[in-house]
Amino acid sequence: MKYAIITGASRGLGEAAAKRILEEGISVVSISRTENEALARFAEENNYSFRHITCNLELEKEVEEVFSDLAFALFKKNPEKIYLINNAGVVDPIEKVGNLDQIPVLRNFQVNLAAPILITNTFFKASQNMETSILSINITSGAGEHPIEGWSIYCSAKAGLNMFTQTAALEQESMGTSNQIIAFSPWIMDTGMQETIRSAAPEAFKDLDRFKEYKEQGMLRKPETVANALVDLILHENIINGKIYNVNDLLN
Ligand SMILES: NC(=O)c1ccc[n+]([C@@H]2O[C@H](COP(=O)([O-])OP(=O)(O)OC[C@H]3O[C@@H](n4cnc5c(N)ncnc54)[C@H](OP(=O)(O)O)[C@@H]3O)[C@@H](O)[C@H]2O)c1
């Protein structure tokens, strides 16, 4: 049996990836604060194996409890493979350094960086002495490699996620496990996150007009297009451990 755990499957890229993975016959566990009832119905109507667990990834205790319980429940079934898709993300706070507030900064790091680290740690630990192999996929951003004014927190969190991915991959290689960990950069997609970006204050975000143009000129990809590229990659390609994949290299 194969399982996919997808954080942020309530909308955007996570929802599109969940649908496509269900269609591949893989059991999906969705994790987010809100439940997407349409997604649950889609799974039920098609007899797909689907479960939603409500969890706020800002809260490290909740992350610890939910994912330890989930790992325990899944590993008991001795699954062949677990795809761990750390997709949930937040772009806020969009603000210049000097005007940042403490709580949004810490929340951003919790969701974008600490939660993927803690979740991967829990699952890699649970996989020790088991036959199950884990493929952990951290959804990153070009902003993790290129600075964008107003996005210092998001850029830093995604840069940290890239480095975590590369370091953890080296460790798994050295230990000779069958676990792999990669990052996947989805470029720009027409999701709620882009709405948040377009509603930023012009004085806080220098590139606001450029991001409005992406939408006006139809340059944002549908999340379904990006999800298909992601799922084709993880299910059908030879994965290079530690690689930061970019959707633009996969779609032509
Ligand atoms: N959209 C883009 O152009 C773009 C570009 C580059 C990278 N990315 C990355 O792609 C990934 C998906 O982005 P998206 O555009 O699909 O975003 P989105 O539409 O805004 O969806 C974000 C998802 O994250 C979940 N989430 C946010 N905060 C959470 C929390 N505290 N606890 C649990 N879940 C939480 C949300 O669920 P709930 O609200 O229900 O909790 C939602 O399902 C993110 O990692 C993002 O950084 C996006």
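Both counts, for ligands and for their atoms, begin at 1 and track the order of listing. Start at 1 with the first residue, then count along the sequence. Computation of the quantities below employed the complete heavy-atom set of this structure, encompassing side-chain atoms and omitting hydrogens, waters and symmetry-equivalent molecules.
- Side chains of Asn179 and Ser127: a donor-acceptor N/O pair is present below 3.5 angstrom, by distance only.
- In terms of the salt bridge (charged side-chain N to carboxylate O under 4.0 Å, His left out) criterion, Asp209 has no residue partners (sequence neighbours excluded).
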Write out each pair where an N or O from ligand 1 and one from the protein are under 3.5 Å apart, with the distance.
| unit_1 | atom_1 | unit_2 | atom_2 | d |
| --- | --- | --- | --- | --- |
| ligand 1 | 1 (N) | Thr191 | OG1 | 3.0 |
| ligand 1 | 3 (O) | Met189 | N | 2.9 |
| ligand 1 | 3 (O) | Gln194 | NE2 | 2.7 |
| ligand 1 | 15 (O) | Thr191 | OG1 | 2.5 |
| ligand 1 | 16 (O) | Leu13 | N | 2.8 |
| ligand 1 | 20 (O) | Arg11 | NH1 | 3.1 |
| ligand 1 | 20 (O) | Met193 | N | 3.4 |
| ligand 1 | 21 (O) | Arg11 | NH1 | 3.4 |
| ligand 1 | 28 (N) | Arg33 | NH2 | 3.3 |
| ligand 1 | 31 (N) | Asn56 | OD1 | 2.9 |
| ligand 1 | 32 (N) | Leu57 | N | 2.9 |
| ligand 1 | 37 (O) | Ser10 | OG | 3.0 |
| ligand 1 | 39 (O) | Arg11 | NH2 | 2.6 |
| ligand 1 | 39 (O) | Arg33 | NH2 | 2.9 |
| ligand 1 | 40 (O) | Ser10 | OG | 2.9 |
| ligand 1 | 40 (O) | Thr34 | N | 3.0 |
| ligand 1 | 40 (O) | Thr34 | OG1 | 2.4 |
| ligand 1 | 41 (O) | Arg33 | N | 2.8 |
| ligand 1 | 41 (O) | Arg33 | NE | 2.8 |
| ligand 1 | 43 (O) | Gly8 | O | 3.1 |
| ligand 1 | 43 (O) | Ser10 | OG | 2.7 |
| ligand 1 | 45 (O) | Asn87 | O | 2.7 |
| ligand 1 | 45 (O) | Lys158 | NZ | 3.0 |
| ligand 1 | 47 (O) | Tyr154 | OH | 2.6 |
| ligand 1 | 47 (O) | Lys158 | NZ | 3.1 |

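- Between Asp190 and the choices Lys222, Arg221, Lys215, the salt bridge (Lys or Arg N to Asp or Glu O under 4.0 Å) rule is met once, by Lys215.
- Considering only residues two or more places apart in sequence or on other chains, Arg33 meets the side chain to side chain contact (heavy atoms under 4.5 Å, CB included) condition with Arg11, Asn56, Glu58.
- A search for ring pair (Phe, Tyr, Trp, His ring centres under 6.0 Å) contacts involving Phe164 returns nothing, not counting sequence neighbours.
- A 6.0 Å sphere centred on CD of Glu35 holds more than 12 heavy atoms belonging to other residues, nucleotides or ligands.
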